[in-house]
Amino acid sequence: MRFVTVARSTPLRGEVTVPSDKSITHRAYLFSAISEETSEVRNPLLGEDCERSLSAVKRLGCSVTRDPNGTVLIVPGPLRSSSDPIDCGNSGTTIRLLAGIVAGWGLNATLTGDESLSRRPMRRIAEPLRLMGAIVDGDTPPLRLSSGTLNGIDYTSPVASAQVKSCVLLAGLRARGETWVREPSLSRDHTERMLEGAGVKIMRGKKGIGVAAGSQPRRIDCRVPGDISSAAFWMVAAAVVAGSRVSLRSVGINPTRTGVLVALEQAGLDVKVGNERWESGEPVADIEVGSGPGIGMTLDGPLIPRLIDEIPVLAVLATQLSGETVIRDARELRVKETDRIKTVTEGLRQMGAKIEPTDDGMVIEGPTPLRGGAIDATGDHRIAMAFAVAGLVAEGETQILAADSIQTSYPGFFEDLRSLQK
């Protein structure tokens, strides 16, 4: 179990280009497998999760090459079943979207994952796939999918989940008739944007989001922007470490992902968004954050799907704000890589924070001085990075156990931190 030590920081100053967007990289790889022509994915994320998706694409029969600039070229072949299990590692996106492709294209495959992924709920995709006619054995990994004839459905998801929506829509591309997905609130829409940009007709209406049988992407031609979920750690670090000012370049600001900016604005913090532009169908901007006092936030309702991955580091922020922060409607945190409500509240309490867990969130009272200690990230990359940020304002040293999980999404995290401390 690898650990790192973080100490109270001097002001953070400088510019960071954060890793490429994980969600978009996953989709670019997986959608290339079902495209008609060779696809080109520029500036992809090199984290472990996305490499699982790329490996899965190879296992399905695609040819994959990477040029010296890191651009990935994917030549689709006739998709084939896999006699050996396809290991999705720790990646929920890989296994859920891949299940939609395997089911839709009538393949046989067993999808597995690591210990953490094997505990995560897959009934949320298995159920709609079964309603469509797919044969799916298992409600947690391993998932065994067998070929079957699919029919379109009108499905109302009980949770706002881009992974569920994407799985059903991907299967719907090869199902008879139309397939529709409705959600309790809007989840991230990278799937719709990318498929539409590749020539797939996306239907929008009161039923939600839909596709018709026979649609297929022509090719994926994508330059992946910076990941706002990775940028969030530097936004919060700059806000809480006195005297800091950090610039983040070429960050994706898809409106279904910008809840962290809404939260920082609600807290009254110094945030500037500029140089807004479009790249490969996604809005992109430069973001600058400076330190300063802030007030407590209320994060709930439709805002939650827009910042669900940022809640661990926003909880760290809340310990340094004046007044009460309330986070609710976020029960989905219970079934992430870890139970993030439990892990965040236990870790921050250990560091001296005034925080109470609830069934679907947490209540935090600030500002509270934090003290260093040994924090177990429990193999969760976002927990490890959130507590690294907490360590920057804590007295003494903070040891983060299982910090190697950061390789999942941000391999250069500590190198970027050192560059900002110079």
Side-chain angles (χ1 to χ4, degrees), residues 16-28 43-50 53 90-94 96-97 160-163 166 186-191 193-194 224-239 246 248-265 271 273 279 282-287 289 299 303-317 327 330 332-333 335-338 340 343-344 377 379-390 403 405-414 416-417:
V16 172
T17 299
V18 296
S20 303
D21 192 284
K22 188 155 76 84
S23 294
I24 295 176
T25 302
H26 276 302
R27 285 160 174 78
N43 195 43
L45 177 64
L46 299 178
E48 290 178 0
D49 273 12
C50 293
S53 286
N90 190 239
S91 176
T93 303
T94 302
R96 291 185 176 122
L97 273 62
S161 167
Q163 293 177 3
S166 300
L186 183 65
S187 64
R188 58 187 63 177
D189 67 354
H190 300 304
T191 288
R193 288 173 182 263
M194 189 174 292
V224 184
D227 197 323
I228 194 168
S229 295
S230 295
F233 297 102
W234 305 126
M235 294 183 206
V236 171
V246 174
L248 305 161
R249 301 302 182 198
S250 299
V251 178
I253 54 165
N254 182 303
T256 61
R257 298 279 302 281
T258 50
V260 62
L261 297 176
V262 175
L264 295 178
E265 181 181 352
V271 181
V273 178
E279 293 182 5
E282 292 278 351
V284 175
D286 300 332
I287 300 170
V289 181
L299 309 178
L303 181 62
I304 293 298
R306 297 174 60 197
L307 50 63
I308 191 71
D309 287 335
E310 291 74 68
I311 288 177
V313 77
L314 287 172
V316 173
L317 170 65
I327 301 171
E332 183 70 9
L333 291 173
V335 292
K336 291 289 188 178
E337 284 84 339
T338 58
R340 287 179 176 167
T343 307
V344 167
D380 188 326
H381 58 126
R382 300 200 195 281
I383 295 296
M385 288 184 282
F387 279 99
V389 173
S405 59
I406 292 173
Q407 297 296 317
T408 296
S409 62
Y410 202 152
F413 178 82
F414 289 105
D416 283 347
L417 173 58

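In what follows, residues are counted from 1 in the order of the sequence shown.
- Atom-to-atom distance recorded for Ile311:CD1 and Ile327:CD1 is 5.5 Å, nearest 0.5 angstrom.
- Evaluation of the side chain to side chain donor-acceptor pair (under 3.5 Å) rule for Arg340 yields Glu337, Asp380 as partners, not counting sequence neighbours.
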Given the rule in the side chain to side chain donor-acceptor pair (under 3.5 Å) test, do His190 and Glu282 qualify, once you have shown the distances and angles that lead to the verdict? CA-CA 8 Å; His190 300 304; Glu282 292 278 351; 2.9 Å; yes

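- Distance CG/Leu314 to CZ/Phe233: 9.5 Å, rounded to 0.5 Å.
- A donor-acceptor distance shorter than 3.5 angstrom exists from the side chain of Thr408 to the backbone of Ser405, with no hydrogens or angles considered.
- Heavy-atom minimum distance, Val224 versus Pro44: CG2-CA, 4.1 Å.
- Leu417 places a side-chain heavy atom less than 4.5 Å from the side chain of Trp234.
- Residues passing the salt bridge (Lys or Arg N to Asp or Glu O under 4.0 Å) test with Asp286 are Arg249, Arg277, sequence neighbours excluded.
- Of all heavy-atom pairs between Ala386 and Val316, the closest is O-CG2, 3.5 Å.
- For the 3.5 Å distance criterion, the side chains of Thr256 and Arg306 fail to qualify, holding no donor opposite an acceptor.
- Every residue meeting the side chain to side chain donor-acceptor pair (under 3.5 Å) condition with Glu332, not counting sequence neighbours, appears here in chain and number order: Arg124.
- When all heavy atoms of Ser20 and Asn43 are compared, the closest pair comes out as OG-O, 2.5 Å.
- Judged as a side chain to side chain donor-acceptor pair (under 3.5 Å), and not counting sequence neighbours, Arg382 has no contacts.
- The side-chain heavy atoms of Leu317 and Leu264, taken from C-beta on, include a pair separated by under 4.5 Å.
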Report the C-alpha distance between Arg27 and Thr93 in whole Å, list the side-chain angles of each, state the deciding distance to 0.1 Å, and finish with yes or no for side-chain contact (heavy atoms from CB on, under 4.5 Å). CA-CA 9 Å; Arg27 285 160 174 78; Thr93 303; 4.0 Å; yes

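- The line from OG of Ser229 to CD1 of Ile308 is 10.5 Å long, rounded to the nearest 0.5 Å.
- To the nearest 0.5 Å, atoms OG1 (Thr258) and CD1 (Ile253) are separated by 7.5 Å.
- The shortest non-hydrogen separation linking His26 to Ser91 is CE1-OG, 3.2 Å.
- Nearest heavy atoms, Val260 versus Leu307: N-CB, 3.9 Å.
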Go through it in stages, so that I can follow the logic: the residues are Met235 and Ile228, the test is side-chain contact (heavy atoms from CB on, under 4.5 Å), and I'd like the CA-CA distance, side-chain angles, deciding distance and then a yes or no. CA-CA 10 Å; Met235 294 183 206; Ile228 194 168; 4.0 Å; yes

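- Residues Tyr410 and Asp227 have side chains that never bring a donor and an acceptor to within less than 3.5 angstrom of each other.
- Put simply, the side chain of Thr25 gets close to the backbone of Leu45: a donor and an acceptor are under 3.5 Å apart.
- Taking the side chain as every heavy atom from C-beta outward, Pro19 and Ser230 approach each other to under 4.5 Å.
- With respect to the salt-bridge test (charged N to carboxylate O, under 4.0 angstrom), the residues Arg188 and Asp309 qualify.
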Evaluate the side-chain contact (heavy atoms from CB on, under 4.5 Å) criterion for residues Arg96 and Ser166: first the C-alpha distance (whole Å), next the side-chain angles of each, then the deciding distance (0.1 Å), finally the verdict. CA-CA 8 Å; Arg96 291 185 176 122; Ser166 300; over 6 Å; no

Verdict with supporting geometry, Thr94 and Ser53, side chain to side chain donor-acceptor pair (under 3.5 Å): CA-CA 5 Å; Thr94 302; Ser53 286; 2.7 Å; yes

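- Note that CE of Met385 and OG of Ser409 are 3.5 Å apart. Values are rounded to the nearest 0.5 Å.
- With sequence neighbours left out, Asn90 forms a side chain to side chain donor-acceptor pair (under 3.5 Å) with Asp114, Ser116.
- Counting all heavy atoms, side chain and backbone alike, Pro283 lies closest to Pro255 at CG-CD, 4.1 Å.
- To the nearest 0.5 angstrom, Asn254 atom CG is 9.5 Å from Ser23 atom OG.
- Checked against side-chain contact (heavy atoms from CB on, under 4.5 Å), Ala238 has the following partners two or more places apart in sequence or in another chain: Ser244, Val246, Val289.
- Side-chain contact between Val271 and Ile287 is present, with heavy atoms from C-beta onward closer than 4.5 Å.
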